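This report refers to the structure that appears directly beneath it.
The shown structure was predicted, so the numbers you read here are calculated from the model rather than taken from an experiment. In what follows, chains carry the letters A, B, and so on, assigned in the order in which the sequence lines appear, proteins first and then strands, with residues in each chain numbered from 1.
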Amino acid sequence: MKLQSRHYAFLGLAVVVVAAMALGFRPQIKPSPETTRMYQYLESLPEGSVVMVSFDHEASALPEIRPLAAAMLRHAFSRNLRLIGVALLAEGTGVGYGLMREVADEYRKEYGIDYVFLGFKPQYIAAILSMGESIPATYPEDYLGRPYRDIPMLEGINTYADIAGVVSIADGSLTTHWIEYGNNRYGIKVAAFVTAAMVTTYDPYLSSGQLYAMVGGLRGAAEYENLIGIGGSGARGMLAQMVSHWYVILLILIGNVIYFRDRRKGRGR
Amino acid sequence: MRRRIPQLVCGFVGVLLFVLYFSAHPTAGAINQLILVEYWQIIFAFTLILGAVGFARVSLTAIERGVDRPYRIAGLAGLILMPVLAIAWGIKGDSPFMWVFDNVQVPMQSTVFALLAFFVASASLRGFRARSVPAAVLLASALLTLMARSDIGSAFSDYVPAAADWVRNYPSMSARRAILIGIGLGSLTTSLRVILGIERTWLGGGGK
C-alpha cells in the first residue's frame, strides 16, 4: 500500500498523543467563569440538599463524560449532598449506576441514605413531565428493585418541588428537554455537564438563564478537578485533546501553505 | 375510514395533551400522569418490537442475498444475545448483560467515536483551506477557537482567547438563536398541521 498524505496525518496524530501522554506533561488550566459558576452553585447548596443527577448519554461519549461525571459526583459527595440518579437514555443506566456506586464508595456513602439510583425510564420527554407530576408514580421502584416508599432517603420527595435541582450529564440534546420541560414547566433549576461538541448548543440557554450553569468537555472536567482540588482523568484527557488541537492547527497551516504555493504556481484549483 | 380514524385519534390526543400541559387542575395532572407513564410507555414498547422485527427482516434478507453477511450475522447475534442475557440473569450490577455492555459495547462505541480525531486530522490537512472569503472567515474563526481552547492562544496574546470568546458569544450565539427560533416555529406549524389533519404524510401514501 502506498502511503498518502492522510496516512502521514493519522500517524502523526497517534505519535503526538502517545508522546504527550508518555511524557506526562501537565497543562496549567485556569477555571473559566462558566465552570466556576457551576462550582459555586454546588457549593451554595446546604448540606443534605437533594440533587437529581440525570445520566443522559450514550456509551460512545464515555471518555469525555466519565471525567465530567466523576468530578461532579466527587464534589457533591464531598459536600454531603444527597443524590438521586436517573437515566433517560438506556446506555446511561449501567454507566450511571456504576459511577455513582464507585464514587460513593470513595466517600463511604450509603445507598438509600446518601444516594439512590432510580434507573432508566424510556421516552425522555414523558419521563421529565411525569416526574414533575409525581416521581414515585414514575419510578415505583429503584434500579435494584426496592419499592420507592421503602427507601429512607426518598421520604417526602414527591416532585421537583422537593429537590434543589437537576444536573444533566449529557452528550446530546437531552439537556434541552430538561430546560424546556423541567425548568420551563415545573421551575426546577437545571445545570449541565456536557461534551465539548454540545457547548455552543447550550450557550443561548446559559445566556438566558434557563440553564443555570454548564461545564463543557474535557477542559471543563480538568477545570472542575482544579477547583475541587481532587485529581481525576479530566486533566490527563485534556492533555491528549490539547496536543491534538495543536497538531490540527499545524495541519491547517501546512495545508493552506501548500494550497497557496500551488495556486501561485498556477496549479491550484 | 382507515385514514379518518387515526387522524381523529391524533387530533384528539394532540388537543388533550396541549390542554393538560397548561392546566394546573389535579384531575388534569392525574390524566397527564396516566398518559405519560402508562400509554406512552406502551407505545414505546411497540416501537421497540417494530424496530427489532424490521432489523431482523432486513438482516435476514441481506444474509439470504449474501450482502455483508458476516456483519449481518454479528448484528443478529447481538439482537438475540442481549435479550437472552437480560432475561436469564438480569441487567443489574455484575450480570453477564452488563459484562457484555462494559467490555464489548462501550469500547466499540468509544473506538468509533475516537476515530473522528483522525478524520479531523485528515480534513484539516486536505480540506480546510481558505479558497474564498467565507471559507477564510470560517477558517479564522476555527483557528481562533482551537487556539483559545488549547491554551496556545494565550501564549501569543491575551487578545486571542478574548477574540474566541467574542466569536462564541456573538456571531455563533446569534446564529444558534436564529436556528432555535426557526426550529420552534417549524415544530409549532408542523404540530398544528398534524393536529388539524392538514399534514397526513405520517399516515403513509404521500399524504393523498
#### Entry: Salt-bridge present (B/Arg176, A/Asp203; N to O < 4.0 Å)
no
### Message
So which atom in B/Arg149 and which in A/Met238 form the shortest heavy-atom distance, rounded to 0.1 Å?
### Response
O-CE, 3.6 Å
### Part of B/Met147 within contact of chain A (heavy atom distance under 4.5 Å)
both
### Query
Between the side chain of A/Glu91 and the main-chain N/O of A/Ala59, is any donor-acceptor distance below 3.5 Å?
yes
### Query
What class does the angle between the rings of A/Tyr202 and A/Tyr205 fall in, given that below 30° is parallel, 30 to 60° is tilted and above 60° is perpendicular?
tilted
### Message
Angle between ring planes, A/Tyr143 versus A/Phe117, binned at 30° and 60°: parallel, tilted or perpendicular?
### Response
perpendicular
### Message
At a 4.5 Å cut-off on heavy atoms, which part of B/Tyr21 comes close to chain A: side chain, backbone, both, or neither?
### Response
both
#### Entry: Heavy-atom proximity to chain A below 4.5 Å, by part of B/Phe101
side chain
### Message
Heavy-atom pairs under 4.5 Å with chain B: which of A/Trp246, A/Tyr97, A/Tyr181 has the most?
### Response
A/Trp246
### Message
Below 4.5 Å, heavy-atom pairs only: which of A/Ala9, A/Pro204, A/Gly98 has the largest tally toward chain B?
### Response
A/Pro204
### Query
Which answer fits B/Ile43, side chain, backbone, both or neither, if we ask what part of it has an atom under 4.5 Å from a heavy atom of chain A?
neither
### Message
Looking at chain B, which one of A/Met242, A/Arg101, A/Arg219 has the largest number of heavy-atom pairs inside 4.5 Å, strictly under?
### Response
A/Arg219
### Query
Considering only heavy atoms, which portion of B/Ile179 lies under 4.5 Å from any heavy atom of chain A: side chain, backbone, both, or neither?
neither
### Message
Quick check on the interface: out of A/Thr176, A/Leu144, A/Leu250, A/Thr200, who has the most heavy-atom pairs with chain B under 4.5 Å?
### Response
A/Thr200
### Query
Measuring heavy-atom distances to chain A, does B/Leu20 have an atom under 4.5 Å in its side chain, in its backbone, in both, or in neither?
backbone
### Task
Would you mind checking which part of B/Ser172 comes under 4.5 Å of any heavy atom in chain A, side chain (CB onward), backbone (N, CA, C, O), both or neither?
side chain
### Query
Where does B/Arg126 contact chain A at under 4.5 Å (heavy atoms): side chain, backbone, both or neither?
side chain
### Message
Can you tell me which portion of B/Val106 sits under 4.5 Å from chain A's heavy atoms? Options are side chain, backbone, both or neither.
### Response
both
